[in-house]
Engineer: 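What follows is a structure written as structure tokens; I'll ask about it next.
Chain letters run A, B, ... following the sequence lines, proteins first, then strands; residues in each count from 1.
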Amino acid sequence: MSRDKILAALRQNQPEKVALPTTLSFERDVNLNLAEKFKAMAEGIGSKVYMVAGFGEIGPVIGMDFPSEKRIVSTVPELVSAAIPAFVLDADPHTYEDVDVAIFKPRIAVAENSALWITEDRMGVRALPFITQHIVMLVDIALLVPDMHAAYEKIGSADYGFSTFIAGPSKTADIEQSLVLGAHGPRSMTIFMYS
Amino acid sequence: MDGATQTHPELSEIFNKDEERVDWHDETLWWIRQKRDKSAHSIPEWEQLRETASQIKNNVLSDLSAYLVSFEEKALANGIIVHWAADAAEHNRIVHGILKENGIQQMVKSKSMLTEECHLNEYLEQQGLDVIDSDLGERIVQLAKEPPSHIVLPCIHKKKEEIGDLFHIHLGVPAGTSDPQILTETARQHLRETFLTRRAALTGVNFAIAETGEFVVCTNEGNADMGAHLADVHIASMGIEKIIPERRHLGVFLRLLTRSATGQPITTYSSHFKKPRPGQQMHIVIVDNGRTIQMGREDFRNSLKCIRCGACMNTCPVYRRSGGHSYHNAISGPIGAILAPNLDMKKYADLPFASTLCGSCSNVCPVKIDIHQQLYKWRQVIVKEGYADSTKKIGMQLMTFTLSSPAVYRTAGKAGRWFLKHVPFAVNNKFNPWYKQRDMPEAPAESFGEWYKKNVKKS
Ligand code: SF4
């Protein structure tokens with residue numbers, strides 16, 4: 001069996017055991033303004049960021065930014081209105097192919113790279129954050145952490161079936177290194193930051 | 001490229017026929033290298049991160065068998081089906097078997113250098129199956145019937161006009177289209193249809209976590225996720241060396257990977273696949289294909305620490321001026337030149353010589369692989385084993401890049417000047433013949449050959 005052959009070959013060939021580094025602590029700028037850093041990083045990679053005082057402000061902005069988009073779904077109950085229907089589960093992910101705007105509430109926001117950690121239970125279905133033409137993220141600034149180490153500290157040993165960090169709209173620079181937003185996933189990302 | 005008998009010097013000579021293109025290729029990659037520098041320098045703890053990543057990988061190599069067993073156990077408990085493949089042929093048979101069992105004829109695939117290494121597409125096509133690559137760069141080289149020329153930037157050697165021509169023939173854009181925006185949009189529409197109709201998706205694996213049995217796939221385009229979340233069957237192919245011990249170690253590697261690759265702070269998507277979604281099958285194929293042998297070569301085992309960021313290619317003066325295809329191997333550049341001779345010392349005897357040994361690769365490598373030293377050591381092994389003769393036409397000393405062929409030689413003066421200008425950090429070591437040139441007086445603005453071409457030929 002290949003499994004046993006591979007493992008036996010490794011046992012034979014791998015070097016003497018060396019220890020893992022004991023700590024994963026790195027220098028960190030304690031004075032960093034996390035919200036500012038996050039916003040600058042997000043805008044730097046093509047996201048649109050709004051600082052809002054409360055949830056009430058968000059709905060009208062979405063209405064203005066996406067005036068002609070037909071299918072909008074919100075996985076965030078607080079943001080459901082006459083104009084923004086709630087996400088309804090369909091076991092077949094293909095049925096979401098015509099979603100224009102999808103709204104989510106991630107669990108962690110990383111200042112150093114503007115990545116947003118979102119677990120499956122906040123996605124509706126796994127395909128939705130990718131298949132939607134535009135993605136909207138609602139970020140409570142209490143979710144901010146300085147860097148990826150802090151993010152994984154917070155994630156800990158959480159269980160999930162699928163989870164992802166998303167930083168900005170999908171993109172490619174495969175053609176002569178010209179950056180194009182909107183590769184296979186969303187064409188744009190809009191972030192509302194609130195406290 | 002498989003089956004090519006041509007060597008790196010011969011293939012670079014072909015690449016060097018178009019001098020303008022060589023300059024463009026060189027400058028593009030150097031620009032990416034500079035973005036990497038800017039990004040790395042913005043992180044004060046960068047060197048500490050590299051050292052930590054290197055230590056974690058050293059630990060992984062020293063205990064890989066146990067980590068693989070743990071990874072398998074956790075993955076199985078998570079509902080993932082685990083396969084083991086001793087070599088490329090077994091990997092391909094396993095993938096084919098999964099598709100056959102599910103009655104699937106067509107598959108969509110995201111970036112996976114391992115499947116390039118295994119020549120999976122060719123194999124499946126021979127079995128009458130249809131594979132579409134969904135990464136834009138990979139789709140482009142697939143349409144051109146070429147292998148990728150770079151592990152991160154598969155079509156870095158192609159001009160937008162050439163891509164326009166391909167899209168005109170295959171995807172129906174008007175002749176003469178070359179706007180990247182329009183070409184990308186065309187690919188988006190075409191591949192969206194593919195994502196929506198394929199029942200099987202294959203992805204690569206960037207990191208596999210021994211502690212949890214999950215695996216992480218990084219893309220900017222979202223193509224791995226589009227494929228995997230819409231398909232009934234998700235197959236993930238990974239080399240045995242993709243293991244990292246704990247989830248929290250991802251913090252270190254995800255900070256290093258894209259900053260090293262392109263200077264981005266992180267890829268758009270870093271997706272953690274832990275369990276199949278209800279009703280979906282999730283398979284992992286764990287592949288050896290020579291890696292356990294490399295593990296036994298003490299001088300070269302460190303190459304298994306590689307996280308495939310591509311930084312060593314972007315910085316390599318030889319890669320930049322010879323192009324990825326000149327390495328006639330799925331993985332090109334300095335790291336490819338270390339990995340390939342392990343698989344076939346005779347066929348790839350030329351590759352460790354495709355280097356100036358300037359050490360720039362080792363300087364940028366995020367996991368601190370001693371790349372240029374390994375290249376030097378491979379040369380000794382290859383000469384000792386008698387494989388240096390397999391490229392009889394050229395004597396040993398002449399096998400190194402710049403002096404290897406008339407066309408390259410013609411531009412050697414230019415490359416030297418360019419080298420002085422662009423590689424001020426060249427390390428002073430006994431291997432580095434380029435370093436000596438730094439003692440030379442100011443590089444002249446034009447080489448004699450260029451001056452001659454410009455001034456004498458005209459009159
Ligand atoms: S050898 Fe180092 S620099 Fe080269 S691709 Fe691998 S990790 Fe990156």
Engineer: Using non-hydrogen atoms and a 4.5 Å limit, figure out which bit of B/Glu298 sits close to chain A: side chain, backbone, both or neither.
Structural biologist: neither
Engineer: At their closest point, which heavy atom of B/Leu230 faces which heavy atom of A/His94, and how far apart are they?
Structural biologist: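 Minimum heavy-atom contact is O-CE1, 3.1 Å.
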Engineer: May I ask you to say whether B/Lys274 pairs ionically with A/Glu120, meaning some side-chain N is under 4.0 Å from a carboxylate O?
Structural biologist: no
Engineer: What distance do B/Ile240 atom CD1 and A/Leu10 atom CG have between them, rounded to the nearest 0.5 Å?
Structural biologist: 4.5 Å
Engineer: Indicate yes or no for a side-chain donor-acceptor contact from B/Glu221 to the backbone of A/Thr172 under 3.5 Å, with no hydrogens or angles considered.
Structural biologist: no
Engineer: Could you look at B/Leu304 and say if it's the side chain, the backbone, both or neither that has a heavy atom under 4.5 Å from chain A?
Structural biologist: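 For B/Leu304, no heavy atom lies under 4.5 Å from chain A.
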Engineer: With only heavy atoms counted, which part of A/Met1 is less than 4.5 Å from chain B, the side chain, the backbone, both or neither?
Structural biologist: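 Neither part, no heavy atoms under 4.5 Å.
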Engineer: Chain A heavy atoms under 4.5 Å from B/Leu254: which part of the residue, side chain, backbone, both or neither?
Structural biologist: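 Just the side chain, heavy atoms under 4.5 Å.
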Engineer: Would you say the side-chain atoms of B/Ser270 pair up with the backbone N or O of A/Phe165, donor to acceptor, closer than 3.5 Å?
Structural biologist: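 No: the side chain of B/Ser270 does not pair with the backbone of A/Phe165.
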Engineer: Chain B heavy atoms under 4.5 Å from A/Lys17: which part of the residue, side chain, backbone, both or neither?
Structural biologist: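 Both backbone and side chain of A/Lys17 come within 4.5 Å of chain B.
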Engineer: What residue in B/Val217, B/Leu153, B/Asp225 has the most heavy-atom pairs under 4.5 Å with chain A?
Structural biologist: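 Ranked by heavy-atom pairs under 4.5 Å with chain A, first place is B/Asp225.
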Engineer: Rounded to the nearest 0.5 Å, how far does CG of A/Leu179 lie from OG1 of B/Thr262?
Structural biologist: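 Spacing of OG1 (B/Thr262) from CG (A/Leu179) equals 10.0 Å.
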Engineer: Need one label for B/Lys158: side chain, backbone, both or neither, based on atoms under 4.5 Å from any heavy atom in chain A.
Structural biologist: backbone
Engineer: Do you know the tightest heavy-atom contact between A/Gly185 and B/Tyr269?
Structural biologist: CA-OH, 4.1 Å
Engineer: Does B/Ala228 offer a backbone N or O that forms a donor-acceptor pair with the side chain of A/Arg126 under 3.5 Å?
Structural biologist: no
Engineer: Would you please name every residue forming a ring pair (Phe, Tyr, Trp, His ring centres under 6.0 Å) with B/His249, sequence neighbours left out?
Structural biologist: none
Engineer: Between B/Lys275 and A/Asp159, is the closest basic N to carboxylate O distance under 4.0 Å?
Structural biologist: yes
Engineer: With a 4.5 angstrom heavy-atom cut-off, could you sort out which part of B/Gln189 is near chain A: side chain, backbone, both or neither?
Structural biologist: side chain
Engineer: I need the contact set between residues 20-29 of chain A and chain B: heavy-atom distance under 4.5 Å, sorted by residue number.
Structural biologist: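 So the qualifying residues are A/Leu20, A/Pro21, A/Thr22, A/Leu24, A/Ser25, A/Phe26, A/Glu27.
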Engineer: Please step through side-chain contact (heavy atoms from CB on, under 4.5 Å) for the pair A/Ile131 and B/Leu196, ending with a clear verdict.
Structural biologist: CA-CA 10 Å; A/Ile131 205 168; B/Leu196 288 166; 4.2 Å; yes
Engineer: Heavy atoms only, distances under 4.5 angstrom: which of B/Thr212, B/Leu68, B/Val252, B/Ile293 has the most pairs with chain A? Name it, please.
Structural biologist: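 Ranked by contacts with chain A, first place is B/Val252.
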Engineer: Chain A: which of B/Thr258, B/Ile32, B/Thr28 shares the most heavy-atom pairs with it under 4.5 Å?
Structural biologist: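 Highest number of heavy-atom pairs under 4.5 Å: B/Ile32.
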Engineer: For the pair A/Phe162 and B/His229, name the ring-plane relationship: parallel under 30°, tilted 30 to 60°, perpendicular over 60°.
Structural biologist: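 Rings of A/Phe162 and B/His229: perpendicular, over 60°.
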Engineer: Return the minimal non-hydrogen interatomic distance between A/Glu112 and B/Arg259, and the atom names on each side.
Structural biologist: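 Where A/Glu112 meets B/Arg259 most closely, the heavy atoms are OE1-NH2, 2.8 Å.
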Engineer: Rounded to the nearest 0.5 Å, how far apart are CG of B/Leu183 and OG of A/Ser178?
Structural biologist: 9.5 Å
Engineer: Identify which of A/Ala127, A/Gly168, A/Pro129 forms the greatest number of heavy-atom pairs closer than 4.5 Å to chain B.
Structural biologist: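 Among the listed options, the one with the most contacts to chain B is A/Ala127.
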Engineer: Side chain, backbone, both or neither: which part of B/Ile163 has an atom under 4.5 Å from a heavy atom of chain A?
Structural biologist: side chain
Engineer: Which atoms of A/Pro169 are under 4.5 Å from chain B, going by heavy atoms: the side chain, the backbone, both sets, or neither?
Structural biologist: backbone
Engineer: Restricting to non-hydrogen atoms, name the atom on A/Lys5 and the atom on B/Ala86 that form the minimum distance, rounded to 0.1 Å.
Structural biologist: NZ-CB, 4.2 Å
Engineer: What's the verdict on side-chain contact (heavy atoms from CB on, under 4.5 Å) for B/Gln264 and A/Lys171, showing C-alpha distance, side-chain angles and the deciding distance?
Structural biologist: CA-CA 12 Å; B/Gln264 280 175 251; A/Lys171 63 183 171 214; 3.5 Å; yes
Engineer: If you measure only the distance, is there a donor-acceptor pair under 3.5 Å linking the side chains of A/Tyr160 and B/Glu214?
Structural biologist: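 The criterion, which ignores hydrogens and geometry beyond distance, is satisfied for B/Glu214 and A/Tyr160.
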Engineer: Can B/Val60 and A/Gln14 be said to form a side-chain contact (heavy atoms from CB on, under 4.5 Å), step by step?
Structural biologist: CA-CA 10 Å; B/Val60 168; A/Gln14 65 202 19; over 6 Å; no
Engineer: Which atoms form the tightest heavy-atom contact between A/Phe130 and B/Ser271, and what is the distance?
Structural biologist: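 For A/Phe130 versus B/Ser271, the nearest heavy atoms are CZ-OG, 4.1 Å.
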Engineer: Could you tell me which portion of A/Ala151 (side chain, backbone, both or neither) has an atom closer than 4.5 angstrom to a non-hydrogen atom of chain B?
Structural biologist: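 Neither; nothing under 4.5 Å.
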Engineer: Heavy-atom pairs under 4.5 Å with chain A - which of B/Arg255, B/Met295, B/Glu45 has more of them than the others?
Structural biologist: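 The residue among B/Arg255, B/Met295, B/Glu45 with the greatest pair count is B/Arg255.
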Engineer: Is the side chain of B/Arg248 donor-acceptor paired with the backbone N or O of A/Ser157 at a distance under 3.5 Å, no angle test?
Structural biologist: no
Engineer: Apply side-chain contact (heavy atoms from CB on, under 4.5 Å) to the pair A/Met148 and B/Ile266, showing each step before the final yes or no.
Structural biologist: CA-CA 10 Å; A/Met148 295 299 284; B/Ile266 192 167; 3.7 Å; yes
Engineer: For B/Thr267, which atoms come within 4.5 Å of any heavy atom of chain A: side chain, backbone, both, or neither?
Structural biologist: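 The backbone, not the side chain.
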Engineer: Could you grab the distance from atom OG1 of B/Thr194 to atom NE2 of A/His184, nearest 0.5 Å is fine?
Structural biologist: 9.0 Å
Engineer: Can you tell me which portion of B/Tyr67 sits under 4.5 Å from chain A's heavy atoms? Options are side chain, backbone, both or neither.
Structural biologist: side chain
